[in-house]
There are 2 protein chains.
Amino acid sequence: MDLRLKQQATAITELTFDLLRCCEAKEKLFAKDHGLKVAEFRCLRIVEAGKSYSVQELASSMHLSPSRLTRIIDGLFAEKLVDRVQSIEDRRFAKISLTNKGQTLVGKLKEEYADLHGEMLKDISVTDRDKIHDGISLMQGLVSTWLVKNA
Amino acid sequence: MDLRLKQQATAITELTFDLLRCCEAKEKLFAKDHGLKVAEFRCLRIVEAGKSYSVQELASSMHLSPSRLTRIIDGLFAEKLVDRVQSIEDRRFAKISLTNKGQTLVGKLKEEYADLHGEMLKDISVTDRDKIHDGISLMQGLVSTWLVKNA
DNA sequence: ATGGTATTTTTGCCTTTAGCAAAGAAAAAG
DNA sequence: CTTTTTCTTTGCTAAAGGCAAAAATACCAT
């Protein structure tokens with residue numbers, strides 16, 4: 001095995017690990033500040049206004065089990081942030097979508113979460129921001145592909 | 001607020017979010033394959049052979065509470081992967097260090113976890129690997145700094 | 001010395017996160 | 001019209017994690 005690859009892999013392993021810990025802490029703080037459980041925030045973050053989703057769709061895009069999603073949706077439903085209706089075409093499917101209240105909240109959430117990142121990024125150069133974007137984008141693609149093959 | 005910054009922040013927010021989900025799934029798989037709980041793997045991953053750590057040190061570098069660390073260490077201790085002795089200079093402190101068995105395991109763990117990343121990285125160019133390295137390194141620094149100020 | 005305060009870790013208790021396996025409900029296949 | 005498959009939910013359990021109080025020790029005053 002290529003020595004250079006090994007060195008790079010080791011360094012990236014370490015960095016990714018540290019980044020992960022920090023980002024989890026960041027998410028936890030943000031969710032708490034907005035009165036949400038982390039799982040709820042993560043779920044709301046991926047649903048777009050106007051669209052509707054099956055439990056499965058949400059589960060797989062969050063890398064969680066369907067049963068876990070049922071509970072998360074229970075919570076959001078109880079807070080009237082999402083609607084849950086049976087699909088008419090195939091009544092096995094649930095159609096999960098944002099309520100008006102949910103849409104308002106999600107809009108605010110996305111806005112403020114992006115602002116939080118804007119705050120972190122504001123003192124570095126546009127070039128460095130692009131480096132972050134490109135690096136993370138590449139890595140995300142790799143891990144995502146790896147997961148599909150190995151999970 | 002700068003429009004360019006806002007766009008970049010939004011994109012990076014999204015990418016980081018996705019990367020986080022994927023990396024968590026990756027860690028979970030890896031830990032499971034090695035018969036470890038995720039928390040145990042995460043803890044072992046940061047202790048170096050020969051060094052000793054207080055509960056606090058481990059807690060803060062893992063962004064967890066000391067009480068949580070006590071439990072994680074309980075588990076590792078039960079499996080004879082770490083030693084836990086009272087510090088002689090200040091007997092309030094615990095000194096956590098790897099046993100021989102622990103050192104062997106951690107060595108293997110680090111090696112294999114780096115190999116896993118090597119596997120992901122092997123088909124892209126050296127330049128792209130450097131981009132990943134630099135991007136994640138920058139981001140890690142930013143989030144880390146942000147956390148210190150805001151937590 | 002000794003009583004009070006601060007620090008470090010542990011313990012008890014609770015919440016949150018998560019999955020598995022079985023049950024329910026509906027569609028599709030035979 | 002039964003059997004099989006698919007999607008979601010429910011019951012149960014485990015893992016992850018924090019808070020507050022307790023326990024043990026160190027550090028200070030006086």
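Letters go in sequence order (proteins before strands), and every chain restarts at 1. The basis for the numbers below is simple: all heavy atoms, side chains too, and nothing from hydrogens, waters or symmetry mates.
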Could you give the [atom1]-to-[atom2] distance, from [X] to [N], as a whole number of Å?
| X | N | atom1 | atom2 | value |
| --- | --- | --- | --- | --- |
| B:D74 | D:dA14 | CG | P | 18 Å |
| B:L58 | C:dT8 | CG | C1' | 13 Å |
| A:Q86 | C:dG24 | CD | C1' | 12 Å |
| B:Y53 | C:dT9 | OH | P | 15 Å |
| A:F93 | C:dA28 | CZ | C1' | 13 Å |
| B:E24 | D:dA16 | CD | P | 13 Å |

Between A:F41 and B:F17, how do the two ring planes meet: parallel, tilted or perpendicular, split at 30° and 60°?
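It falls in the perpendicular class, over 60°.
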Shortest side-chain distance from A:V55, nucleotide among C:dG19, D:dA15, D:dT8
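The nucleotide sitting nearest to the side chain is D:dT8.
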May I ask you to say what B:R91 touches in the nucleic acid, namely base, sugar-phosphate or nothing, with a heavy-atom cut-off under 4.0 Å?
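Sugar-phosphate, no base atom in range.
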Could you tell me whether B:K28 contacts a base, only the sugar-phosphate backbone, or nothing, with contacts defined as non-hydrogen atoms closer than 4.0 Å?
sugar-phosphate
Within the modelled atom types, does a donor on one side and an acceptor on the other bring the side chain of [X] and the base of [N] under 3.5 Å apart?
| X | N | result |
| --- | --- | --- |
| A:R92 | D:dT8 | no |
| A:S67 | C:dC20 | yes |
| B:R42 | D:dG17 | no |

Using only heavy-atom distances, determine whether the side chains of A:E112 and A:H34 contain a donor-acceptor pair under 3.5 Å.
yes
Face-on cation placement of B:R45 at B:Y113 ring, 6.0 Å and 45° thresholds
no
Give a yes/no verdict on a cation-pi contact between A:R91 and A:F93, requiring under 6.0 Å between NZ or CZ and the six-membered ring centre and an angle within 45° of the axis.
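Verdict for A:F93: no cation-pi partner in A:R91.
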According to a strict under-4.0 Å criterion, is A:R68 in side-chain N/O contact with OP1 or OP2 of C:dA18?
yes
Should A:Q56 be listed as having a side-chain N or O under 4.0 Å from OP1 or OP2 of D:dT6?
no
State, with a plain yes or no, whether a side-chain heavy atom of B:S97 is found less than 4.5 Å away from one of B:V47.
no
